[in-house]
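Reviewing the structure listed below.
None of these values were measured; they are calculated from a predicted model. Residue numbers begin at 1 in each chain, while the letters A, B, ... track the order of the sequences.
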Amino acid sequence: MSNYDFKAIEEKWQKYWEEKDLFHCGEDASKEKYYVLEMFPYPSGKLHMGHVRNYSIGDVIARFLKMNGYNVLHPMGWDSFGLPAENAAIKHKAAPDKWTRDNIREMRQQLKMLGISYDWDREVATCDPRYYKWMQWIFIQFYKHGLAYKKKNPVNWCPSCQTVLANEQVVDGACERCGTPVGKKELEQWYFKITDYADRLLADLEKLPGWPEKVKSMQRNWIGKSMGAEVEFTIEGFDKNLTIFTTRPDTLFGVTYMVLAPEHPYVKDLVAGTSYEKDVADFLDRLQYMSEIERTATTLEKEGVFIGRYAINPVNGKKVPIYIANYVLMDYGTGAIMAVPAHDTRDFDFAKKYHIDIIPVIDPKKDDIDVNDLKAAFIEDGVMINSGPFDGLTVEEGKAAIIKMIEEKGIGKASVNYRLRDWLISRQRYWGTPIPMVYCEKCGWVPVEEKDLPVLLPEDVEFTGKGESPLKSSESFMHTTCPKCGGPAVRESDTMDTFLDSSWYFLRYCDARNTQKIYDKEKTDYWMPVDQYIGGVEHAILHLLYSRFFTKVLHDLGLCSVEEPFTNLLTQGMVLKDGSKMSKSKGNVVSPEEIIAKYGADTARLFILFTAPPERDLEWSDTGVEGSYRFLNRVWRLIQELSEVIAPSGSPVQIREEDKELNYVLNTTIKRVTDDIRERFNFNTAVSAIMELVNEMYRYKETEGRNLPLLRKASDELVMILSPFVPHICEELWQMLGHEEDLTGQKWPSYDEKALVKDEIEVVIQINGKVKDKMNVPSGLSKDDFEKLVMGLPRTKELIGEKPVAKVICVPGKLVNIVVK
RNA sequence: GCAGGCAUGGCGGAAUUGGCAGACGCGCACGGUUCAGGUCCGUGUGAAAGCAAUUUCAUGGAGGUUCGAAUCCUCUUGCCUGCACCA
């Protein structure tokens, strides 16, 4: 009897898999393909438990499907551009390149220690010139198709990271990375035209039944589509019309004032030379001292000033005052609104404060609301009033009718607005993909020619951490010639947002070593889409939205057949300790290294897969880990003992009466595990089922005259169905059972339908829906026979007693419910 | 405010189509093995009442549909997540 020496076993099999190159895959038209992908990590240096969870889940799926005959693509790589490497460079004077490569080496080693079945031949690192060459190539395709443009705009600026941020990277007014409050800065930057795809990104969410509702709803929210109308108001004594956006054209007759965003370009001209000029300047001054967070807080008191001008309502010719106010934002809609205090909460508050008229145009038709003395804005459905020819229409009808009218009169049109902004992709940082653009005095912005890619990151740079791209400090990098006219030119010194790098890596995996093209389209056509994508819900908006955008653009450019990259998405829960996320600052980190050293990778994997279903948060438990370790030892002892006595492999199995229970448990377990992995990803219940089988085998092996061929079959199949979860110990046990070939190449066991049916089944007898007794009856009876049998039993008669039977409900094979008066 | 999700023993969680609530594991208790501790093996373990057979209660709360509800419907409470002066 030997002990379960996990360390030796895990090293042995990891080496074996690597030497045999067992997880390498290629296109094979004769097999059904399956692309399983886990979100690639940032190489911070050490794996954490969240990684272990992510990759263990993916590995169960990959190994299971491989055993089920699928051609499985399961790659891994590194999202290796980004700030930490550059900060390390500033702090320790270490080259970002070396720092990153060291970390990758270390983390690759740790991943191998977990025994995840990756095809390492497809490994990519986004900081590798062989990868970012194609990133630059994609940028140029975007540029050539009008999807990349440069624009001067107030942008989000993180004073700590010393770089700009995309809207998506600003969380609660602070930097997503470091938590520093974000400011505004006027800068000329590169943008991607994601707004061109807003409608498709929204509509195609309907094509993703395999995504969690939560993620789809977050994306819908983020895209923020509003249907409404644009209406033009004339301004008294001013030659330009004021265009507003509204979602409530039906309330157009209830407009009592207008509001412009303080930054609205008209404001200056409208007050120039009037007595209101000073009021407006004072108001703008006050706003400037506020941070973005204060400025946009919902709790902020609504404030504004009248600017001395009037607009004319185009539908009734009414003259209404124009205000500027803090609650109207320049970067949504047209930066101007029509205010209908009777039917908008914000307008109502503002009108009350500044004593502006409130004219109801929607009648609530409710007794408890007096239309002419509203206590609050009425924002629900009702019937139009005070609206001339439109009186009597419902809100829905009114919207359509008014839009039709303004379109006919040429004073407005139906319009759609999105919350989504174009994607700001420039970063004033070193450790990212250089933007392959050159500026020439004569020709303007010119893309670098394809033959000159990649534009390599220079090494002679200074890391100051001061607001300007370090690339600027490299003379040799900056000065170049114009690809168009050959004259002197300078390079773009900014690098790309690292979210670009991760928006197409799943395509590159399909043909990761191609040096001639971004990839061979035939290969992506074979592998794409990703059948199962797995990662944390924190990427629900950023990464997943950007990846969908890239896929659609590449599709439109004829580079990709699919329009959606990820068919199924599994968002795994967090790994918690003492109720909160593991973090260094809280001091509640359990390191994977530590657990692997103490119990082995198989125990770590088993614990994580068994303790909670994948979508839920997982509470770390030291005793739970012990339990998983205990179970593996139990399996080890069982198979070790049986391997010495059981019949040889392939012995014919005869099932006798006394073998039926084990045979039943064995077959149901295979069915449960198969279904749990394939249909539901419920690894916790799959493991439970296997534990029950092990318990039954322990019981059965002590019985007299045990069936040795059956025990052989049970042992083999137990090891096989356990192997996707804990592959190392299973390979070892498989070998112990006398098999010459490795377990990884085995075919997943099937179950015998006949063995799933017992001769006798336990049924429940209920009186008025309450369980009164249980009894065994032969299985496979018809409904009538079953009812006759049960009703004829003395025990049933006893339970009914003297009471008259009103009804009998009979579910064959399950229960009989007798309703008595 | 809007949107999405969650709620089951001391704990993690099961219950797949409306059909035995609490599988499996942790923890705990008792017994065996042991010089002893650990390991391992066995038994028990939702609550309350009872010597017991058994009975009653129980899936956040209140109603409802149904022969039958953790599961379906209505309302409600608490928690988590996302968005938010978005016109």
Figure out the OH/C1' separation between A:Tyr698 and B:C41, and round it to whole Å. 10 Å

Expected string for nucleotides 18-27 of chain B under the B/S/- scheme (protein heavy atoms, under 4.0 Å, primed atoms plus P, OP1, OP2 as sugar-phosphate) is -BBS-BBSSS

Looking at B:A87, I'd like to know if its phosphate oxygens (OP1 or OP2) sit under 4.0 Å from a side-chain N or O belonging to A:Arg419. no

Protein-proximity profile, nucleotides 2-8 of chain B, B/S/- by nucleotide at the 4.0 Å heavy-atom cutoff, equals -SS----

Please enumerate all residues that pass ring pair (Phe, Tyr, Trp, His ring centres under 6.0 Å) together with A:Phe350, with sequence neighbours excluded. A:Tyr257, A:Tyr323, A:Tyr327, A:Tyr354

What contact category does A:Asp675 fall into here, base, sugar-phosphate, or nothing, at under 4.0 angstrom with non-hydrogen atoms? nothing

How does RNA chain B look in dot-bracket form if you count Watson-Crick and G-U pairs under 3.5 Å, write [ ] for pairs that cross, and put | where a base pairs with another strand? (((((((..(((......[....)))((((((.......))))))((((....))))..(((((..]....))))))))))))....

Among all residues two or more places apart in sequence or in another chain, which pass the ring pair (Phe, Tyr, Trp, His ring centres under 6.0 Å) test with A:Phe725? none

Return the value, rounded to whole Å, for the distance between atom CG of A:Asn633 and atom C1' of B:C40. 10 Å

Spacing of A:Asn768 atom CG relative to B:A69 atom P, expressed in whole Å: 12 Å

Does B:G42 have OP1 or OP2 under 4.0 Å away from a side-chain N or O of A:Arg699? no

Describe the nucleic acid contact of A:Lys770 in one word from base, sugar-phosphate, nothing, applying a heavy-atom distance below 4.0 Å. sugar-phosphate

For A:Glu380, which residues count as a salt bridge (Lys or Arg N to Asp or Glu O under 4.0 Å) partner, sequence neighbours excluded? A:Lys366

For the side chain of A:Ala612, starting at C-beta, report the closest nucleotide among B:G13, B:A87, B:A15. B:G13

